[in-house]
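Basis for what follows: all heavy atoms, side chains included, without hydrogens, waters or symmetry-related copies. Residue numbering restarts at 1 for every chain, and letters A, B, ... go by the order of the sequence lines.
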Number of protein chains: 2
Amino acid sequence: MKNKNVTIYDIAKEANVSPATVSRVLTGNARVRPETMKKIVAIIEKHQFRPNELARSLLYKKSKMLGFILPDITSPFFSTLVLKSESYALKNGYSSFVCNSMNSREMESKYLQTLLEKQVDGIVFLGGRINNVAPPKEQIEELKQVIKRVPVVLVNGSLPDLDAPIIRSDEGDGVKQLVQLAIQKGHTKIGFLGGTIGVTSYELKLAAFEEEMKKVGLPFNKEWIIPDSFSIASGEIVIEKLIQTKEMPTAILCANDYVAMGAINQLQKHGYEVPTDISVLGFDDMYISQYFPPGITTISQNYERLGQTAIEVLLNMIEGKEVERETIIPTTLIHRHSCL
Amino acid sequence: MKNKNVTIYDIAKEANVSPATVSRVLTGNARVRPETMKKIVAIIEKHQFRPNELARSLLYKKSKMLGFILPDITSPFFSTLVLKSESYALKNGYSSFVCNSMNSREMESKYLQTLLEKQVDGIVFLGGRINNVAPPKEQIEELKQVIKRVPVVLVNGSLPDLDAPIIRSDEGDGVKQLVQLAIQKGHTKIGFLGGTIGVTSYELKLAAFEEEMKKVGLPFNKEWIIPDSFSIASGEIVIEKLIQTKEMPTAILCANDYVAMGAINQLQKHGYEVPTDISVLGFDDMYISQYFPPGITTISQNYERLGQTAIEVLLNMIEGKEVERETIIPTTLIHRHSCL
DNA sequence: CTGTTAGCGCATTCAA
DNA sequence: TTGAATGCGCTAACAG
């Protein structure tokens with residue numbers, strides 16, 4: 001069986017001191033006579049004693065734990081963001097719970113409760129309900145209750161009438177950069193493919209696309225706006241539909257790099273070469289994108305800054321400081337070879 | 001400021017009962033008069049009261065928390081595995097800490113300590129030091145100390161002389177299936193590319209490759225064994241080297257799908273068509289692999305079973321049951337179009 | 001069925 | 001500089 005857990009009492013007894021003194025050397029919050037200290041430290045080492053953080057948390061009313069709620073860690077966007085955030089949180093002494101909701105609202109609720117019960121000091125919410133254009137009232141209400149108890153930050157999303165700080169990358173501006181690039185390369189017939197209707201990341205990008213197209217006086221052809229979802233398979237589907245149209249665009253913006261990959265594949269199956277016959281632009285700059293032939297021209301979200309800022313804001317809230325209601329992280333155009 | 005946390009004492013006072021009674025309705029471990037129950041439940045609802053799990057953990061000496069130590073959640077292998085594991089853990093009432101060590105031994109050590117202090121009930125260790133063929137003694141020793149305090153399972157790795165259960169997928173058999181497939185397609189000149197020397201996943205696969213080649217009496221040409229690492233870039237590098245050899249193989253096994261992708265790209269740059277000129281076989285069956293032209297023939301590790309089994313074994317250990325020292329999960333050949 | 005008490009491991013008063 | 005006592009929030013005896 002496992003070692004019975006050794007506590008400060010055991011250490012104290014062995015050192016012939018009181019538990020309080022052991023606690024003092026552990027925290028360093030009070031002076032201890034050097035010899036006593038040395039003796040205690042030796043015994044701590046000997047037993048490989050580590051203080052029970054749970055007990056401390058109970059006392060301090062601070063758990064030094066953060067929760068992340070996200071749809072699916074398997075998606076490069078979320079995994080990269082979590083990686084950066086977690087690393088920054090650790091630097092500040094916080095451990096991270098990762099909760100995959102699988103995009104289910106019930107799971108989100110369950111995890112919200114669990115995180116509350118575990119007494120996390122803060123929650124980072126990504127995707128899911130905060131990406132819905134019209135979320136049900138109960139879902140908003142639930143989160144409203146949560147933020148009364150623990151600080152929450154929203155990344156790349158929002159919820160109407162919810163007073164929680166938002167950290168988001170400038171997706172709209174990213175789309176505009178893409179449109180500008182296409183125009184600069186001489187394209188005038190530009191489509192927008194993929195993305196899920198009702199999901200903010202799609203609606204936002206589409207709105208920016210329409211705005212930019214109209215601003216520069218280019219035709220906004222509804223036939224070339226074909227939503228579906230954000231997967232590779234979706235990219236294929238969307239090309240099948242595009243091919244049915246009277247006329248093909250010469251450049252297409254895709255809702256993300258997955259859609260772009262599916263699109264490129266499917267275009268080639270139909271004999272279109274990318275970028276010579278048609279230019280394809282992505283979004284997100286996933287790890288594979290630079291290698292996916294011919295190399296996808298895309299927008300990089302600044303994951304490091306996005307993650308770090310989210311944690312920064314969250315920690316500030318935890319410390320009771322005032323924080324920005326919304327922080328926008330710029331996006332960057334990555335030139336590669338899928339746009340000519 | 002935040003709501004002062006309400007406790008069972010507050011609930012008890014408001015309901016004119018003792019804290020113990022409130023606790024009883026919370027746990028359901030003892031009968032409570034229906035009316036009392038109703039009253040208490042109402043007050044709990046009213047305050048949205050949730051019991052402090054930290055306090056419970058302190059009492060039960062069980063935190064219902066699990067820790068995962070892994071190099072990098074951004075890698076599809078790890079993220080998929082974590083996703084499956086976490087979901088299964090949750091079904092059993094456990095929350096999951098995810099710790100990205102970035103393949104640094106110091107980070108692994110730090111996280112090990114943190115997890116111990118947080119009183120996790122068990123640890124899943126993936127990659128990092130347990131994937132080294134010859135790890136330093138201190139690293140083994142450290143883990144030996146850890147397993148004295150908390151159950152640990154090792155996934156797809158091991159540490160000499162460490163008494164911790166191992167769950168691994170049958171990588172060796174996977175390689176053999178690949179070799180068999182190549183032979184069946186008429187190949188006799190087969191190479192093995194990518195992978196990092198000194199990392200078990202490479203050494204293991206290479207050994208299986210050599211064994212199988214010799215078993216069927218095929219030439220084991222050392223020129224066609226070119227290690228590097230497990231990245232896409234590595235696949236490109238490795239092809240550059242392969243092209244320098246006197247003679248090209250007609251089929252290559254790659255250490256994983258990333259290497260295969262890089263290899264396919266680079267081969268095409270040199271005018272080799274996959275699979276008509278050369279067959280390329282991968283390993284891991286990542287999400288992109290089916291879409292990466294021409295569709296990568298590869299080996300799927302059964303992530304769901306791998307993850308679930310790891311958690312199962314860990315939970316059994318936590319409950320003090322005897323467990324298998326080693327569990328092997330079979331791998332599956334996925335036929336696609338990169339092997340002709 | 002319900003209340004009282006004690007203790008999980010720790011840090012912090014307050015005295016000495 | 002050190003020790004004794006207290007309480008963080010909860011549950012499990014033990015009485016009643």
Side-chain angles (χ1 to χ4, degrees), chain A residues 2-41 43-44 47-65 114 116-121 149-150, chain B residues 2-41 43-44 47-65 93 116-121 149-150:
Chain A
K2 298 287 153 194
N3 284 352
K4 185 191 166 312
N5 268 327
V6 7
T7 72
I8 51 170
Y9 288 93
D10 303 316
I11 305 292
K13 191 174 297 174
E14 194 165 335
N16 287 315
V17 297
S18 75
T21 305
V22 178
S23 174
R24 286 182 184 109
V25 341
L26 249 28
T27 62
N29 287 343
R31 305 195 58 77
V32 175
R33 187 147 47 97
E35 307 129 61
T36 321
M37 164 99 85
K38 242 178 78 185
K39 187 169 58 177
I40 295 177
V41 167
I43 299 177
I44 288 178
H47 290 286
Q48 301 255 352
F49 168 76
R50 304 284 162 226
N52 183 330
E53 277 296 332
L54 258 36
R56 281 185 170 173
S57 299
L58 191 57
L59 205 55
Y60 290 144
K61 295 172 183 298
K62 296 220 172 292
S63 64
K64 289 285 185 175
M65 305 190 299
T114 305
L116 245 27
E117 290 171 0
K118 293 282 187 206
Q119 312 295 121
V120 295
D121 294 334
R149 295 160 172 267
V150 56
Chain B
K2 300 286 151 193
N3 282 354
K4 185 195 165 312
N5 266 325
V6 4
T7 72
I8 52 169
Y9 288 92
D10 303 317
I11 305 292
K13 191 173 296 174
E14 193 164 335
N16 287 316
V17 298
S18 76
T21 305
V22 178
S23 174
R24 287 187 182 103
V25 343
L26 250 27
T27 62
N29 287 343
R31 305 196 57 78
V32 175
R33 184 147 49 96
E35 307 129 61
T36 320
M37 164 98 87
K38 241 178 79 184
K39 188 169 57 176
I40 294 176
V41 168
I43 298 177
I44 288 178
H47 291 287
Q48 302 257 349
F49 168 76
R50 304 284 163 226
N52 182 331
E53 277 295 333
L54 258 33
R56 280 185 172 172
S57 299
L58 191 58
L59 202 56
Y60 290 145
K61 294 170 183 298
K62 296 214 172 295
S63 65
K64 289 286 185 176
M65 306 190 299
L116 245 28
E117 290 170 2
K118 293 284 185 204
Q119 313 295 122
V120 295
D121 294 335
R149 295 161 171 267
V150 56

DNA chain C: A:Asn29 or A:Leu54, which has the more 5' nearest nucleotide? A:Leu54

Considering only nitrogen or oxygen atoms on both sides, find all protein atoms under 3.5 Å from nucleotides 6-8 of chain C and state each distance.
unit_1 : atom_1 : unit_2  : atom_2 : d
C:dC8  : O3'    : B:Lys61 : NZ     : 2.9

In whole Å, what is the span from the CG atom of A:Asn5 to the C1' atom of C:dC10? 13 Å

Under 3.5 Å donor-acceptor, A:Lys39 side chain and A:Ala15 backbone: yes

Just the table, please: protein N/O against nucleotides 13-15 of chain D N/O, every pair under 3.5 Å.
unit_1 : atom_1 : unit_2  : atom_2 : d
D:dA13 : N6     : B:Arg24 : NH2    : 3.3

In this structure, which one of B:Ile11, B:Val32, B:Leu26, B:Asn16 forms a side chain to side chain contact (heavy atoms under 4.5 Å, CB included) with B:Thr21? B:Val32

Whole-Å distance separating the CG atom of B:Asn52 from the P atom of D:dC8: 12 Å

Taking CD1 from A:Ile40 and P from C:dC10, how many angstroms apart are they, rounded to a whole number? 13 Å

With sequence neighbours left out, write down each residue that passes side-chain hydrogen bond (donor to acceptor under 3.5 Å, both in side chains) with A:Ser63, or none if nothing qualifies. A:Asp121

Which part of the nucleic acid, if any, lies within reach of A:Val22 when heavy atoms closer than 4.0 Å are counted: base, sugar-phosphate only, or nothing? nothing

Is there a side-chain contact between A:Arg31 and the phosphate of D:dT1, meaning an N or O under 4.0 Å from OP1 or OP2? yes

Rounded distance (Å) that lies between atom C1' of C:dG9 and atom CZ of A:Arg56: 10 Å

Expressed as a whole number of angstroms, how long is the span from A:Leu26:CG to C:dT12:P? 11 Å

Taking B:Ser23 for the side chain and B:Pro19 for the main chain, is one N or O donor matched with an acceptor at less than 3.5 Å? no

Rounded to whole Å, the CD1-C1' distance (A:Ile11 to C:dC10) equals 13 Å

Check salt bridge (Lys or Arg N to Asp or Glu O under 4.0 Å) between B:Arg50 and all other residues, then give those that pass, not counting sequence neighbours. none

N or O in side chain of A:Ser23 less than 4.0 angstrom from C:dT12 OP1/OP2: no

From NZ of B:Lys39 across to C1' of C:dC1 the rounded distance in Å is 13 Å

Holding to side-chain hydrogen bond (donor to acceptor under 3.5 Å, both in side chains), I want the full list of residues that pass it with B:Glu53, two or more places apart in sequence or in another chain. B:Arg56

Estimate the overall bend of the helix from C:dC1-D:dG16 to C:dA16-D:dT1 from the end axes over five pairs each, rounded to 10 degrees. 50°

Does A:Thr36 put a side-chain nitrogen or oxygen below 4.0 Å from OP1 or OP2 of D:dT2? yes

Calculate the interatomic distance between B:Ile8 atom CD1 and D:dG7 atom P; express it in whole Å. 16 Å

Any side-chain heavy-atom pair of B:Ile43 and B:Val22 under 4.5 Å: no

Summary of salt bridge (Lys or Arg N to Asp or Glu O under 4.0 Å) pairs that have at least one residue in residues 24-38 of chain A, sequence neighbours excluded: A:Arg33-A:Glu35

With sequence neighbours excluded, what pairs up with A:Leu58 under the side-chain contact (heavy atoms from CB on, under 4.5 Å) test? B:Asn52, B:Ala55, B:Leu58

Taking the side chain as C-beta and beyond, is there a heavy-atom pair between B:Arg149 and B:Leu116 under 4.5 Å? yes

With sequence neighbours excluded, what pairs up with B:Ser57 under the side-chain hydrogen bond (donor to acceptor under 3.5 Å, both in side chains) test? none

Please report the interatomic distance CG(B:Asp10) to CD1(B:Ile44), rounded to the nearest 0.5 Å. 11.5 Å

